[in-house]
2 protein chains.
Amino acid sequence: MATIIDVAKLAGVGIGSVSRVINGKGSVSEKTKQKINNAIEALNYKPNNSARSLVSKKFNTIGIWGTELAGTFNSQTLRVIDHELINHGKHCLVTNGDISTKDNPNAAIQSVDDLISKGCDGIIFWGTDISNYDITYIEKYYPNIVLLNNHIQQIDEKCFYFDHYRAGYMAAQHLVDNGHKSIACITGDLKTEDGRQRHQGFLDSLNDNAVAISPEYIVEGDYSFLKGRQSILDLLKRDLGFSAVFCGNDKTAMAAISTLVINQIRVPEDISIVGYDDYDMAAFTSPSLTTIRVPFDDMALAAVRYLLNNLYDLNLTIQHNFQVELIQRNSVKNIS
Amino acid sequence: MATIIDVAKLAGVGIGSVSRVINGKGSVSEKTKQKINNAIEALNYKPNNSARSLVSKKFNTIGIWGTELAGTFNSQTLRVIDHELINHGKHCLVTNGDISTKDNPNAAIQSVDDLISKGCDGIIFWGTDISNYDITYIEKYYPNIVLLNNHIQQIDEKCFYFDHYRAGYMAAQHLVDNGHKSIACITGDLKTEDGRQRHQGFLDSLNDNAVAISPEYIVEGDYSFLKGRQSILDLLKRDLGFSAVFCGNDKTAMAAISTLVINQIRVPEDISIVGYDDYDMAAFTSPSLTTIRVPFDDMALAAVRYLLNNLYDLNLTIQHNFQVELIQRNSVKNIS
DNA sequence: TTTATAATTGGAAACGCTTCCAAAAATTTA
DNA sequence: TAAATTTTTGGAAGCGTTTCCAATTATAAA
């Protein structure tokens, strides 16, 4: 591997000039610039990143800390992030936070420390699986972080999230608007903050519309197909006669639909279903799923850009106010 | 940030000893080891990775080059890879190869070069979107690579793949075994090697079983829901009277099922469907999907381990011969 | 006790870069 | 033309490690 010294020798200049050319800062005459570029070409010289980072303290790498890498959008979102990063000559280092978390209580911080000491200029914390306490602690000594789909008031401007409460509210409202008065719910994972918020939004909407809902109409799900199936079965067994179900995510909704169909219950004729996420498959189920589209990609893009701007002195435009949208398809029937 | 010199000073020893303790090699007396560890603790010392890599030429990072980061399993697979890496104190650097590929023809190599010069000890090439020519070229000057779901004879031992041909064959065989004689096919993306192989397996199986299939029974898909829907509609319009459809992946199969159902065609009573992948949702469609389970996770694990063993002198067990399996659910009817 | 051997130790050199500064060259001004 | 100013240049110092080797210390053998 050629080094900067080799380049300097071949070009017949000093290493300072080579460095200046590589980094495009400091003045170099056109003539020497030419010579140096020729030498770089000839030697196929690539700057050594370790040496660079050692002195500059920049790594051109962003870490992604998350526990949900395996979800469907999550991979799409990862792609969005990576794309933007690569466009600006940066890279992304991924860490699955959950893995170690199970072993010892301190593992979340441990894995973040790993990420930092591996050499990231900043970190995207994805999701709510790290405690606010831990994050604020980390943020103190390592301020270049951003939260994706999470919100902590103290570091508000570093948070990129949308209003799950309002989204849940919208979903319920849609059901009410379509004349439903007896509504069941398979929640998302209530151990997650966003799961709780959307559930609360759902509840409050019903309440504001004077639609009663008692606890036996609610089953706690966990976002999985399997749990979705079990939950709808559970609900059915209770024989409550509801006309609609709000599901905490589209996977749950799909599992519910297929289970209902198997049990000779028609969707939406007998029971209406609203999902949440607008999962890529939602448009292709039968019936296609009415759901809440959630602006993950926009959020992710804004989050990376925030980091990019702050870290590398760029000036990318950043979207705020991510819009949640109700996507009306065919799983809700108007019964009013 | 404390450096090794600070630690040495505080512990009252030389930097050599500190280095030996950190790396656990070379002999250090129990007593000094103790002093050093105390100092490390007291200063919250973390070795600087750039400095380390600069001299050791090791990065403890594996690159993942792929163009399919957004598929469903792909994210699950990524998780498997990351998990294994973290377990061994390594990290993973991700690059979406496709992004730049569109711009200029040389972009694939360019993005790989980026990855390498960013500092990866090895690279996992995921999928077939980089040409064999490029890979063999890269492998010459950068031998620590592994292919995932791809195969190039010259570097056979670095390839972790399974037999898509056989898998396609199995799918068709299952249909034949269930008495189907008029079979349609929505292929996978025939621009990919594995898409072509499974299609060929399908074709050959029919041929071996003396089941005729003419070109109008075949539509080329691209693995997406949308194309799956269009394709089945297309097939239906041709009015061929087939009793079964082999789909190039589960997404296509699901789109086909839902589209058939919408059009009052029952699955499997009127038309049987076989998918490919065993996507996590396949068990939860209605009807649940008979499909080919494909050993992605096993392959991925073996691939990382191969790299890990070679790069860091480990001795992890590596699985070979990944088993493809037919998962019989409810989308195929026996009509014999 | 002395000598031979083994274990431990400290620190200089090197890794390849950026940054800084003084010196040299080019340009402008008088 | 000379002096003042600006631009360009070379390379030493320093970033924080690992590695090596010579020196020291501990241990075993005689």
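The sequence lines fix the lettering, A, B, ..., with proteins before strands; numbering per chain opens at 1.
- A distance-only check finds no donor-acceptor pair linking the side chain of Arg52(B) to the backbone of Pro47(B) [under 3.5 Å].
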- Determine, stepwise, if the pair Lys90(A) / Thr61(A) fulfils side chain to side chain donor-acceptor pair (under 3.5 Å). CA-CA 5 Å; Lys90(A) 314 301 174 194; Thr61(A) 298; over 6 Å; no
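- Closest-nucleotide positions on DNA chain C for Lys33(B) and Leu54(B) were compared, and the one nearer the 5' end corresponds to Lys33(B).
- Of the residues in residues 34-48 of chain B, Tyr45(B), Lys46(B), Pro47(B), Asn48(B) come within less than 4.0 Å of DNA chain D through at least one heavy atom, sorted by number.
- In this structure, Thr32(B) reaches the sugar-phosphate backbone alone: every heavy-atom distance under 4.0 Å involves primed, P, OP1 or OP2 atoms, never a base.
- Asn60(A) contributes atom CG, which lies 7.0 Å from atom OG of Ser53(A) (distance to the nearest 0.5 angstrom).
- Using a 4.0 Å heavy-atom distance criterion, Ser50(A) is classed as making no nucleic acid contact.
- Leu311(A) places a side-chain heavy atom less than 4.5 Å from the side chain of Ile62(A).
- Between His151(A) and Tyr161(A), the two ring planes are parallel [angle under 30°; tilted spans 30° to 60°].
- Nucleotides of DNA chain C with any atom under 4.0 Å from a heavy atom of chain A span, from 5' to 3', dG16(C) to dC20(C).
- For Asn132(B) (side chain) and Ile152(B) (main-chain N/O), no donor-acceptor pair under 3.5 Å exists by modelled atom type.
- Pairing each heavy atom of Tyr137(A) with each of Ile109(A), the nearest pair is CD2-CD1, 3.4 Å.
- Sequence neighbours left out, the pairs with a member in residues 30-42 of chain B that pass side-chain hydrogen bond (donor to acceptor under 3.5 Å, both in side chains) are Ser29(B)-Thr32(B).
- Every residue two or more places apart in sequence or in another chain that forms a ring-ring contact (aromatic ring centres under 6.0 Å, His included) with Phe162(B) is listed here: His164(B).
- Contacts of residues 1-10 of chain A with DNA chain D (heavy atom under 4.0 Å): none.
- Annotation: ring-ring contact (aromatic ring centres under 6.0 Å, His included) contacts of Tyr133(A) (sequence neighbours excluded): none.
- Contact check of residues 12-31 of chain B against DNA chain D (heavy atom, cut-off under 4.0 Å) returns Ile15(B), Ser19(B), Arg20(B), Asn23(B), Lys25(B).
- Under a cut-off of 6.0 angstrom, the local environment of CG in Asn321(A) is sparse, with at most 12 non-hydrogen atoms contributed by other residues, nucleotides or ligands.
- Note on the helix from dT1(C)-dA30(D) to dA30(C)-dT1(D): terminal axis deviation equals 40°, with five pairs used at each end and the result rounded to 10°.
- Heavy atoms only, all atoms of each residue included: Asn309(B) and Leu316(B) are closest at OD1-N, 2.7 Å.
- By the salt bridge (Lys or Arg N to Asp or Glu O under 4.0 Å) test, Lys158(B) is found to be paired with Glu139(B), residues two or more places apart in sequence or in another chain being considered.
- Listed by residue number, Val55(B) are the residues of residues 55-62 of chain B with a heavy-atom contact under 4.0 Å to DNA chain D.
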Which donor-acceptor pairs under 3.5 Å do the side chains of residues 7-20 of chain B make with protein atoms, sequence neighbours left out?
from, atom 1, to, atom 2, distance (Å)
Ser17(B), OG, Arg20(B), NH1, 3.4
Ser19(B), OG, Asn23(B), ND2, 3.4

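- Classification of Lys58(B) and Asp121(B) as a salt-bridged pair fails, no side-chain N sitting under 4.0 Å from a carboxylate O.
- Relative orientation of the Trp65(B) and Phe125(B) rings is tilted, given thresholds of 30° and 60° on the angle between their planes.
- Applying the salt bridge (Lys or Arg N to Asp or Glu O under 4.0 Å) definition to pairs two or more places apart or across chains, none involves residues 308-318 of chain A.
- Exactly one of Ile64(B), Leu93(B), Ile116(B), Thr95(B) qualifies for a side-chain contact (heavy atoms from CB on, under 4.5 Å) with Ile123(B). That residue is Ile116(B).
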